[in-house]
Amino acid sequence: MKYPPTAIASRFMTLERHIEEGKRLHPGATGEFSRLLHGLSLAAKLVWREVTKAGLVNILGATDRTNTSGDVVKKLDEFADETIYKAMDHVGHLCVMASEENEDLLHIPEQYPHGKYVLVYDPLDGSGNIDANVTIGSIFSIHKRITASGKGTLQDVLQPGCKQAAAGYVLYGSSMMFVYSTGQGVHGFTLDPTVGEFLCSHENIRIPQRGQIYSVNEGNFNRWEPAMQRYLQYLKQEDESTSRPYSARYIGSLVADVHRTLLYGGIYCYPGDRKNPNGKLRLMYENNPLAYIVEQAGGAASNGKQRILDIKPETLHQRTPLFIGSIEDVKLAEEFLSGKR
Ligand code: P6P
């Protein structure tokens with residue numbers, strides 16, 4: 001062949017073309033879905049533009065608000081939340097949205113058509129790291145509505161993660177990445193800012209069956225249940241035959257820690273503890289979309305006892321513990337937590 005296929009494909013495999021070609025894999029796909037994902041990629045670029053100049057303009061720092069989860073709301077949190085909502089509210093394919101930054105549902109303005117999808121998102125995860133210029137990201141989850149028509153309801157939103165139609169995340173780091181899945185594997189795109197296009201850089205990401213990295217905030221060690229403490233001590237023991245000790249990596253930005261786990265393998269844990277029995281991370285717009293992505297890449301995600309994607313949500317901002325990563329690592333964690341080890 002005149003040109004090596006990879007060189008040409010990545011240069012011309014834009015996110016838009018990938019979504020379009022993926023559409024052909026979905027019988028009966030109407031193109032609504034593609035326009036939805038395209039709208040999200042536009043919103044991501046608008047957020048990226050502010051994130052990259054955050055240090056230069058007065059958009060760093062915190063507002064005087066805390067959100068539903070008790071986190072201090074950063075100015076960029078607010079900007080990202082509003083940007084995603086306004087980029088998506090008029091596309092005509094959504095019946096309702098929900099976001100970490102808003103207690104209640106985000107309804108579609110009356111004047112715009114209501115579509116058959118639901119968007120749930122964390123506009124800027126890891127925002128505690130913004131002022132330190134550490135990688136942060138946006139996380140999104142898309143469901144098909146359950147109600148027939150009109151204004152979307154909580155019933156349309158509170159669906160188990162296994163019902164997701166698509167999920168993904170955006171990384172605002174050393175480069176900007178858009179990682180998504182519609183159930184046909186996981187694909188990563190890197191923004192080429194010179195042309196403003198997301199180009200395919202990570203086609204069909206597969207997570208290693210087992211890794212040698214654990215990612216957890218060990219500052220909470222003394223609050224953990226003994227089984228969780230035993231699990232971590234096991235990973236730190238010297239045993240070449242089982243490739244231990246593992247290395248510790250913790251960025252403190254969920255989307256960055258999970259992305260590294262997706263590429264390198266290993267496990268990210270945010271366990272419950274005696275102060276916060278359900279941990280810190282939210283099911284609907286953090287754990288579910290990331291669990292969908294990691295499972296699509298051949299990994300696993302559990303709350304320590306149950307598959308994340310099988311959890312029936314009760315409330316919009318509910319938290320669950322999270323153990324996510326290589327399938328063998330998540331299984332081992334569950335064995336410790338269930339007392340089998
Ligand atoms: P801790 C950021 O606020 C976040 O929700 C995740 O991005 C991150 O992984 C986690 O909290 C860090 O929490 O308790 O380790 O500081």
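Since the model is a prediction, treat every value here as computed from it, not as a measurement. In each ligand, atom 1 is the first atom listed, and ligand 1 is the first ligand listed.
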How are the rings of Tyr180 and His18 set to each other: parallel, tilted or perpendicular (split at 30° and 60°)?
perpendicular
Does ligand 1 have any N/O atom under 3.5 Å from a protein N/O, and what are those pairs and their distances?
unit_1, atom_1, unit_2, atom_2, d
ligand 1, 7 (O), Asp125, OD1, 2.9
ligand 1, 7 (O), Asp125, OD2, 3.0
ligand 1, 7 (O), Leu254, N, 2.8
ligand 1, 9 (O), Leu254, N, 3.1
ligand 1, 9 (O), Tyr268, OH, 3.1
ligand 1, 11 (O), Lys280, NZ, 3.1
ligand 1, 13 (O), Lys280, NZ, 3.0
ligand 1, 14 (O), Tyr270, OH, 2.5
ligand 1, 15 (O), Asn217, ND2, 2.9
ligand 1, 15 (O), Tyr250, OH, 2.5

For the pair Tyr169 and His259, name the ring-plane relationship: parallel under 30°, tilted 30 to 60°, perpendicular over 60°.
perpendicular
Checking Arg260 now: which residues fulfil salt bridge (Lys or Arg N to Asp or Glu O under 4.0 Å) with it, not counting sequence neighbours?
Asp257
Is it true that the side chains of Glu334 and Ser302 contain a donor and an acceptor less than 3.5 Å apart?
yes
For side chain to side chain contact (heavy atoms under 4.5 Å, CB included), just list the numbers for Leu40 and Met88, CA-CA rounded to whole Å, side-chain angles, deciding distance to a tenth of an Å, and then say yes or no.
CA-CA 7 Å; Leu40 276 171; Met88 303 304 291; 3.9 Å; yes
Donor-acceptor pair between Thr52 and Tyr172 side chains, under 3.5 angstrom
no
